[in-house]
Amino acid sequence: MTHPHYAGAMSTTPSDGVPTTAEPPAYVPTEIEPRWQQFWRDDRTYEVDNDDPRPHYYVLSMYPYPSGAAHMGHVRNYTFGDLIVRYRTMGGHAVLSPMGFDSFGLPAENAAIKTGVHPREFTDARIEELRSSLLRIGGGYDWRREVKSHDPDYIRWSQWIFLKFYEAGLVYRRKAQVNWDPVDQTVLANEQVLPDGTADRSGAVVERIDLEQWFYKITDYAQQLLDDLDQVEWPQRVVTQQRNWVGRSEGAEFDLAVCDVDGGPTGESFRVFTTRPDTSFGMTFCVLAPEHELVDSIVTDDRRADVDAFRHQARMTSEIDRLSTERSLDKRGCFTGAYALNPFTQRPVPVYLADYVLATYGTGAIMAVPGGDQRDWEFAKAYGLEIIRTVQPPEDFEGEAYTDDGPAINSEWLNGLDVAAAKAKAIDWLVDQGIGESKVTYRLRDWLLSRQRFWGCPIPMVYCEGCGLQPVPEDQLPVLAPDDVEFRPTGQSPLTFHEGFLNTTCPKCGGAARRETDTMDTFVDSSWYYLAFVGRRGDSYDGREMPFRKEDIAEWLPVDQYIGGAEHAVLHLMYARFFTKALSDLGLVPSDLREPFKRLFTQGMIRLAGSKMSKSKGNLVAPEEILDHQGADALRLAQLGLKPPQDDVDWEDVSIDGALRFLGRVWRLGVPGGDLVGETRSGLQTPADIAIDRARHALIAEVTNDFERWSYNTAVAKYMTFVNDLYRWVQSDDGAHGPTLESSIDTLLLLMAPATPHIAAELWQRRNGGHVHREPWPVADPAMLVQDSVTMVVQVNGKVRDRVEVPPDITESAAVATALALPKIAEQIGAAAPRKVIARPPKLINVVV
RNA sequence: GCCCGGGUGGCGGAAUGGCAGACGCGGCGGACUCAAAAUCCGCUGUCCGAGAGGGCGUGUGGGUUCGAGUCCCACCCCGGGCACCA
């Protein structure tokens, strides 16, 4: 493919022997871009040391899963990140701008099963492709700090952190009902299962099976994960999602004594959780989860067959069906034959099972108050159970269960109290009786971290027959998976069949032991990579005591600007927050570092014809082709100028041609030897020249403001407006004033340097020598931001009737006089005297008649 | 059902309560050219009008205000999140 020329290059015909006019230098992005990309690496422009004396600023774009050449989502994400890196660097900061690869994960392993290529080989090849794309986009990164999740050094420290968490009791192993993905053949965390019960990666319907699995105790941090959301400047949407996911509920827990139909105690009891202890007098039945441990012992003989059948049915029902609100309630419950004593009324109430009561939430048992809970109401209707209201609904209330505030009724000593007061009094009573207490419950579950797959970080634990579960000693890390494994779609990690890996010795007794063959969820790797970058400076971690130094973390963290997709709202972003808090409590990072990412920006998704472009749907538009032909600057500018960064993008709206056309205009304007600009004037500035100078300062102020508020699309529009102004000016009859033109173009290049770095660098060097990215960010002269005349709008009754040029410091009375003297205005108001005149000099006068 | 966003020309979008539609795309016209491309210049919400000019216009209906795309109330539609969590 030949390089297109965009500068109207004249063709020469050497054969006719006539000397040709000197060609103006053409804009050939494919020639200049690789040259500058190489320069930034050779020059180490974006390498910073931890002790750099400039003020520190940490800009981080979420590190990518290496799926091959970059797709449009990458381009958009990394363009924003790079713009900030270059902008902040010109602003005088030492900007930490690292890049790495989230290189463990299923695609590599699935490819291995299919083709026999080892996942490492596959992954390393994909990394090279993606790294090449990132370089070609023009990103300025400190590549000395690169991390890769599958690097043995990285594995070592992921395992080291796992062991630190294990020592601290933040890792445990337990048998649990877990999410099983039958397609990817592994368990999944709750966060990886979509609301419809399918897996977010494979799309398979997730099954519930009992397995012994490893968990991180993220629930220990539930309250802090909520509270510290106040400390971060994140999109409201993401904060809300995290709040919902943690799901805090305040209420009470108390014991119910099991009894027979007449209230005779059986000696057993179970605990219920409720958010509405104030409604306890209205409890007319209670419900246990089918899996509740007490069911077997309390069920009466005559009900046992039905109960067993019901529990079997509940077990067989898929999670989707069980959570569906569509199914009628009458098939979803089952009477146990047992009763429990309502401690408030001392009346026995029947104990039911229902599949909608979850064993994993609260205590797995509820008191049911049909008068105050719609679900209980429907259940009571279906099974013919008594309904007692305990809160007086307003007279016009037409619903069934009443859940809002009101005075308590039918509740003896709570009667007349509002909900809040009644709650408090009921809880006090439970405490006095010694049967209950106030209680906060969270929806958040522990993080299931083990995966039955090969291409992940091995869990560094061994099983010894004599000593039981033993952690691998630190000095034996990393535990690495062997290369000579056979990839078969068995549903178990290939490590399970590798005797050499499986068999080891117990670190405690030295006897025969077996290694854990599960690997870690890849979200474990991304939970600390932002710290790993700070620990790296090109040298390996080998021989160090720690993956990073606490002092260095203190220098850089929290990340000043984190950039990535909103799809990680409750996955990566929650896990990383947990890791930071736990590492902080363990003393491995500074104790005051409680949040990893101070500011978060979530950019929109790229869509094609309205549907999401993603790895699974294939990269339908390849940035590489644009890089090959129109270049990185055009691609970057098209992305930036299109729409606000947080919005989703439809690919067909991206106008590479428009961006390229603009860059061509900048080139022809700025390149020395170009033929656009003719003779320029020296000497004094004309009013037109001064207007350009003012526009230049306004541009500085506006672009800076736009950059600060993430309004890149308007910043690009302002570049274009300014260039349009310059074009009209240089082609006008008077032509351009030389010094004014030079400073205008130089300022434009400085302001474009973060957005379109290659063309800015090239033109700057050709014009001035030196490097635009080493220049300080320009500052507008406030005196030049004041116009010598402004347009004042004159309205009559709120409608614009005329405009007039006035001095910016015009007095109110002068402005009013000027406005009323305008013929059009006089005509409009006629003979009538103005009833009122609103003056906002120098911008607006509104005459009310 | 609940909680967030959002609804502006043919399209993407811009607009501290003060000139709606910046800028770009597309379209139309002109210049240059033998011609085309590229480039440069201009026009481009809509209706009425020959024109000057005027009417109407930011999802719908109300309200606040001298003045509302912007603030308030009600509703409709679209996108996202949560949803038997006791």
Side-chain angles (χ1 to χ4, degrees), chain A residues 4-9 195 235-245 247-249 251 272-276 286-287 289 322-327 329 332 354-358 360-369 372-376 378-379 441-445 566-567 569-570 605 610 637-638 641-644 646-650 652-655 657-659 661-662 664-665 668 675-676 711 713-724 727-728 731 791-803 824 834-840 843-849:
Chain A
H5 287 227
Y6 293 102
Q236 190 52 49
R237 206 161 35 104
V238 177
V239 170
T240 306
Q241 274 188 62
Q242 292 219 346
R243 287 224 165 86
N244 288 341
W245 192 259
R248 179 190 158 99
S249 292
V272 293
F273 171 71
T274 178
T275 55
R276 295 295 302 276
C286 46
V287 187
R322 214 171 134 173
L323 289 175
S324 163
T325 47
E326 307 299 307
R327 295 160 60 230
L329 278 167
R332 304 184 60 187
D355 64 1
Y356 67 77
V357 173
L358 307 177
T360 48
Y361 183 78
T363 59
I366 62 166
M367 70 167 195
V369 183
D373 182 286
Q374 186 59 26
R375 234 175 2 215
D376 295 346
E378 286 165 20
F379 195 88
T441 298
Y442 301 90
R443 207 185 72 115
L444 182 72
R445 308 296 154 79
E567 66 272 20
V570 292
M605 289 184 305
L637 192 75
L642 180 63
K643 53 159 60 181
Q646 63 273 16
D647 289 6
D648 287 351
V649 170
D650 284 310
E652 56 268 30
D653 296 329
V654 178
S655 172
D657 291 344
R661 201 171 301 163
F662 169 73
R665 278 165 76 80
R668 285 188 292 279
D675 56 4
L676 176 81
S711 186
N713 53 329
T714 55
V716 169
K718 282 155 195 165
Y719 297 153
M720 292 175 170
T721 307
F722 188 60
V723 168
N724 291 345
Y727 261 66
R728 273 189 289 268
Q731 293 176 90
T791 304
M792 185 169 76
V793 170
V794 184
Q795 300 177 328
V796 176
N797 291 334
K799 284 187 191 298
V800 178
R801 295 300 177 187
D802 205 358
R803 302 175 178 88
K824 281 184 187 169
R835 200 152 56 84
K836 194 172 178 184
V837 178
I838 309 292
R840 293 286 180 275
K843 294 190 72 176
L844 175 132
I845 297 291
N846 185 13
V847 183
V848 185
V849 294

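Reminder, nothing fancy here: chain letters follow the sequence lines and each chain counts from 1.
- Phosphate contact (OP1/OP2 of B:rG13, side-chain N/O of A:K643, threshold under 4.0 Å): present.
- Inter-residue side-chain proximity for A:D376 and A:M367 is flagged as unmet; no heavy-atom pair is nearer than 4.5 Å.
- A:L676 and A:R668 make their closest contact through CB-O, 3.6 Å (heavy atoms, listed as atom of the first residue, atom of the second, distance).
- Residue-to-nucleotide proximity on RNA chain B shows that, of A:G362 and A:T240, the 5′-proximal contact is made by A:T240.
- Nucleotides B:rC19 and B:rA38 have their P atoms positioned 38 Å apart, rounded to a whole Å.
- Across all strands shown, B:rG79 forms a Watson-Crick or G-U wobble pair, both distances under 3.5 Å, with B:rC4.
- B:rA20 and B:rG54 have their P atoms separated by 13 Å, given to the nearest Å.
- To the nearest whole angstrom, the two C1' atoms, one in B:rG55 and one in B:rC2, are 45 Å apart.
- Side-chain N/O atoms of A:N724 include none lying less than 4.0 angstrom from OP1 or OP2 on B:rC41.
- By the rule that a glycosidic angle within 90° of 0 means syn, B:rG27 does not qualify and counts as anti.
- Residues A:Q731 and A:V800 each lie close to RNA chain B; by heavy-atom proximity, the contact nearer the 5' end of the strand is made by A:V800.
- Following rounding to the nearest Å, A:I838 (CD1) and B:rG17 (C1') show an atom-to-atom distance of 13 Å.
- In this structure, the CD atom of A:Q795 is 17 Å from the P atom of B:rU65, given to the nearest Å.
- For the residue pair A:R840 and A:N846, no side-chain donor N or O sits within less than 3.5 Å of a side-chain acceptor on the partner.
- In this structure, A:Y727 does not reach the B:rC41 phosphate: none of its side-chain N or O atoms is under 4.0 Å from OP1 or OP2.
- Interface remark: the A:R237 side chain does not form any donor-acceptor pair with the B:rG80 base, using a distance-only criterion of under 3.5 Å.
- Contact check, A:R803 against B:rG18: no side-chain N or O comes under 4.0 Å of OP1 or OP2.
- The distance between atom CZ of A:R840 and atom C1' of B:rG17, rounded to the nearest whole Å, is 10 Å.
- Rounded to whole angstrom, the span from the CG atom of A:N244 across to the C1' atom of B:rC2 amounts to 9 Å.
- In this entry the distance linking CD of A:Q236 with P of B:rG79 reads 22 Å, nearest Å.
- The two residues A:V357 and A:A289 have their closest heavy-atom pair at O-CB, 3.2 Å.
- Between the CG atom of A:D648 and the C1' atom of B:rG81 there is a distance of 13 Å, given to the nearest Å.
- With P as the reference atom, B:rG13 and B:rG59 are 14 Å apart, rounded to whole Å.
- Between A:R276 and A:V369, the closest side-chain pair of non-hydrogen atoms is not below 4.5 Å.
- The side chain of A:S249 places an N or O atom within less than 4.0 Å of a non-bridging phosphate oxygen (OP1 or OP2) of B:rA86.
- Between A:Y719 and A:F662, the ring planes are parallel. Angles under 30° get that label, and only those over 60° would be called perpendicular.
- Comparing B:rG79 with B:rA22, their C1' atoms are spaced 26 Å from each other, to the whole Å.
- Between the side chain of A:Q241 and the base of B:rG80, no donor-acceptor pair under 3.5 Å is found.
- At B:rC66, one or more side-chain N or O atoms of A:K836 fall inside 4.0 Å of OP1 or OP2 (strictly under the cut-off).
- Checking B:rC82, B:rC23, B:rG12 against the side-chain heavy atoms of A:W245 singles out B:rC82 as nearest.
- Comparing atom distances between the A:T275 side chain and each of B:rA20, B:rA86, B:rC66 picks out B:rA86 as nearest.
- For A:M720, whose side chain is taken as the heavy atoms from C-beta onward, the closest listed nucleotide among B:rC23, B:rC19, B:rA14 is B:rC23.
- One can place CG of A:L637 at 11 Å from P of B:rG24, the figure rounded to the nearest angstrom.
- Checking B:rG13, B:rA86, B:rA15 against the side-chain heavy atoms of A:T714 singles out B:rA15 as nearest.
- Nearest heavy atom pair, residue A:I366 against residue A:C286, reads O-CB, 3.0 Å.
- Atom C1' of B:rC28 sits at a distance of 16 Å from the matching atom of B:rG45, rounded to the whole Å.
- Closest to the side chain of A:R661, out of B:rA86, B:rC25, B:rC66, is B:rC25.
- Here A:K799 reaches the OP1 or OP2 of B:rC56: one of its side-chain N or O atoms lies under 4.0 Å away.
- Shown here for A:S655 and A:A638, the closest heavy-atom pair between the two residues is O-CB, 3.6 Å.
- In this structure, B:rG24 and B:rC11 make a Watson-Crick or G-U wobble pair, each of the two defining distances being under 3.5 angstrom.
- Of the candidates B:rU39, B:rC82, B:rG67, B:rG67 carries the atom nearest the A:N846 side chain, counting heavy atoms from C-beta on.
- Regarding contacts with the backbone of B:rC40, a side-chain N or O of A:R668 is found under 4.0 angstrom from either OP1 or OP2.
- Atom OH in A:Y361 sits roughly 4 Å away from atom P in B:rA86 (whole-Å rounding).
- Here the side chain of A:D647 is nearest to one of B:rC66, B:rG26, B:rG13, namely B:rG13.
- Separating the C1' atom of B:rC34 from that of B:rG26 is a span of 30 Å, rounded to the nearest Å.
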